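Shown below is the structure under consideration.
The structure displayed is predicted, hence computed values, not measured ones. In what follows, chains are A, B, ... by sequence order, proteins preceding strands, each numbered from 1.
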Number of protein chains: 2
Amino acid sequence: MSKDTLPGLTACNNATLRRATRKIGQYYDDVLAPSGLKATQQGLLYQIHIGNEPAMGAIAASLIMDLSALGHTLKPLIRDGYVETFADPADRRIKRVRLTPLGLAKLDEAMKLWHIAQQRFEEVVGKDQAATLRAVLGDVAELDFDLPPAS
Amino acid sequence: MSKDTLPGLTACNNATLRRATRKIGQYYDDVLAPSGLKATQQGLLYQIHIGNEPAMGAIAASLIMDLSALGHTLKPLIRDGYVETFADPADRRIKRVRLTPLGLAKLDEAMKLWHIAQQRFEEVVGKDQAATLRAVLGDVAELDFDLPPAS
DNA sequence: CATCAACGGTGGCATATGCCACTAATTCAA
DNA sequence: TTGAATTAGTGGCATATGCCACCGTTGATG
């Protein structure tokens, strides 16, 4: 096969996913920009909000995110006063997270913008298509890609 | 709606996409690890390879990636001797990129691992499902989400 | 109780990605 | 031809994300 006819990145599941994530991420970020939050931050605040003062590990697991990455991502939100943490009294290894009143207000503000982004996304992509996409991505995220058992 | 019954992040197209990207990215990264390349780097080397000494802007456009982000991402690959750049003689604003022989060899090595990752992915997800996913993501990445014309 | 393994997070380092201000090269218009 | 507008990249700064080494807390065990 000549170099000129090699397929683009469309064949790679991961590359296609990243490309789409950059595109959609920019779109959601743009719409959320007036709130001063990135889409990732809005999502994180939301995740904290719907949890019951969740532990860091629980948040990381929900988001399929590395625990230390979560710690890093949380720092600007703590610095800006949207989020606060406290040790679990029953197990001081565990650090729980909650929104501050300021954080809750900021989340409300961001959610209004999120609804706009989400609605326009559904219009452009199509409601069914979007639902299918979320369903497939949700499924894929739950799968187990572990290497074949070394046994 | 009580806080306890709020939907998870499954409703947000962007959050679902990011979650899946983290998961799949880790999987592809794991499989590619023996080559010393991240999946993003392998994808970038491949994109450079299939281009005809592409300009930075052309690569960035193909990958729907910010031009400066591409510049940053390229640095480790240049540092490690996989890639080199040169000014377009006809327009010295344009910087073109090509693989070094070392880079080509590394890409070959990585592609072998990529095939393994890709094949296992298709097995676990299902060939049709994977193809559908790529098709939908490809479509979505091409869409225009611009804000309604200010006119 | 003393010890040691397991758990939960932190900090440092590295890549991934984006925005903005700025520079150099080119193009275009007066 | 010369100065304005455009184009292509760079560098700095900030967030996003992951890995690894390390540390304090807990829990299990002799």
**Prompt:** Starting at the 5' end of DNA chain D and moving along, which residue's nearest nucleotide shows up first, A/D88 or B/G57?
**Reply:**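 The answer here is B/G57.
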**A/L63 CG to D/dT17 P, straight-line distance once rounded to whole Å** =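 These atoms are roughly 9 Å apart.
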**Prompt:** At what distance, to the nearest 0.5 angstrom, does CG of A/L32 lie from CD of A/Q41?
**Reply:**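 So the CG of A/L32 and the CD of A/Q41 are separated by 9.5 Å.
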**Item:** Non-hydrogen side-chain atoms of A/R19 and B/E142 separated by less than 4.5 Å
**Value:**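 Yes - at least one pair of side-chain heavy atoms lies under 4.5 Å apart.
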**Prompt:** For the pair made of CG in A/L67 and C1' in D/dT17, what is the distance, rounded to whole Å?
**Reply:**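 After rounding, the gap between these two atoms is 12 Å.
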**Message:** I want to check one thing: is the phosphate of C/dG11, taken as OP1 and OP2, less than 4.0 Å away from some side-chain N or O of A/K75?
**Reply:**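 A/K75 to C/dG11 OP1/OP2: side-chain N or O found under 4.0 Å.
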**Message:** Taking the nucleotide of DNA chain C with the nearest heavy atom to each, does A/M56 or A/R22 sit closer to the 5' end?
**Reply:**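 The answer here is A/M56.
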**Request:** Quick one: closest heavy-atom pair of A/A60 and A/L70, and the distance?
**Result:**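 Scanning both residues, the minimum pair turns out to be N-CD2, 3.7 Å.
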**Message:** Below the 4.0 Å mark, does C/dC19 have OP1 or OP2 next to a side-chain nitrogen or oxygen of A/Q26?
**Reply:**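 Result: yes.
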**Prompt:** Relative to each other, are the rings of A/Y28 and A/F121 parallel, tilted or perpendicular (30° and 60° limits)?
**Reply:**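 Correct class here is tilted.
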Under 3.5 Å, which N/O atoms of the protein pair with N/O atoms of nucleotides 21-23 of chain C?
none

**Asked** Which nucleotide in the set C/dT17, D/dT25, D/dC19 lies at the smallest distance from any side-chain heavy atom of A/D91?
**Response**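 Closest of the options to the side chain of A/D91: D/dT25.
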**Whichever of A/K38 and A/D66 has its nearest DNA chain C nucleotide further upstream toward 5'** =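 Here A/D66 is the residue nearer the 5' end.
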**Proximity to the side chain of A/R93 - top-ranked nucleotide from C/dG8, C/dT17, C/dA25** =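 Among C/dG8, C/dT17, C/dA25, the one nearest the side chain of A/R93 is C/dG8.
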**Item:** Euclidean distance, atom CD1 of residue A/I78 to atom P of D/dA16 [Å, nearest integer]
**Value:**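 In whole Å, D/dA16 P lies 13 Å from A/I78 CD1.
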**Prompt:** Rounded to the nearest Å, what distance is computed from the CG atom of residue B/L17 to the C1' atom of nucleotide D/dT17?
**Reply:**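 Checked: the CG to C1' distance equals 16 Å.
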**Prompt:** With respect to the phosphate group of C/dA16, does any side-chain polar atom (N or O) of A/R18 fall under 4.0 Å of OP1 or OP2?
**Reply:**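 So the side chain of A/R18 is outside the cut-off, no N or O lying under 4.0 Å from OP1 or OP2 of C/dA16.
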**Prompt:** 5'-most contact on DNA chain D: A/A39 or A/A90, nearest heavy atom basis?
**Reply:**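 Between the two, 5'-proximity favours A/A39.
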**Message:** Just to be sure I understand the rule, does A/I94 reach a base, reach only the sugar-phosphate, or reach nothing, if contact means heavy atoms closer than 4.0 Å?
**Reply:**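 Touches sugar-phosphate only.
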**Prompt:** Think B/R98 forms a cation-pi with B/F86, using NZ or CZ under 6.0 Å from the six-ring centre and within 45 degrees of its axis?
**Reply:**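 B/R98 over B/F86 ring: yes.
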**Asked** Is it true that B/K106 and B/E109 have a side-chain N and a carboxylate O under 4.0 angstrom from each other?
**Response**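 Looking at B/E109 together with B/K106, the answer is yes, because their closest N to O distance falls below 4.0 Å.
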**Request:** Among the candidates C/dA16, D/dT15, C/dT26, find the nucleotide nearest to the side-chain atoms of A/Q41.
**Result:**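 Looking only at heavy atoms from C-beta outward on A/Q41, the closest nucleotide is D/dT15.
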**Item:** Value in whole Å for how far the C1' atom of D/dA8 lies from CD1 of B/I59
**Value:**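 Taking atom C1' of D/dA8 as the reference, CD1 of B/I59 is at 13 Å.
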**Request:** Grab the NE2-C1' distance between A/H72 and D/dG18 for me, whole Å please.
**Result:**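 For the pair A/H72 NE2 and D/dG18 C1', the rounded distance is 8 Å.
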**Item:** Selection from C/dT17, D/dT26, D/dG18 that lies nearest to any side-chain heavy atom of A/M65
**Value:**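 Looking only at heavy atoms from C-beta outward on A/M65, the closest nucleotide is D/dG18.
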**Item:** Protein-nucleotide distance (B/L74, atom CG; D/dG11, atom P), rounded to Å
**Value:**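 After rounding, the gap between these two atoms is 12 Å.
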**Message:** Within the 4.0 Å heavy-atom criterion, would you say A/R79 contacts the bases, only the backbone, or no part of the nucleic acid?
**Reply:**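 Sugar-phosphate, no base atom in range.
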**Nearest-Å distance for atom pair CZ/P, residues A/R19 and C/dG18** =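 To the nearest whole Å, that distance equals 12 Å.
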**Request:** Can you measure from CD (A/Q119) to CH2 (A/W114) and round to the nearest 0.5 angstrom?
**Result:**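 Here the interatomic distance stands at 10.5 Å.
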**Message:** So if I take every side-chain heavy atom of B/S68 and compare against D/dT26, C/dG12, C/dG18, which nucleotide ends up nearest?
**Reply:**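 Among the listed nucleotides, the one closest to the side chain of B/S68 is C/dG18.
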**Prompt:** Of all residues at least two apart in sequence or in a different chain, which pass the side-chain contact (heavy atoms from CB on, under 4.5 Å) check with A/A69?
**Reply:**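 Testing A/A69 for side-chain contact (heavy atoms from CB on, under 4.5 Å), a comparison that skips the adjacent residues, returns A/M65, A/D66.
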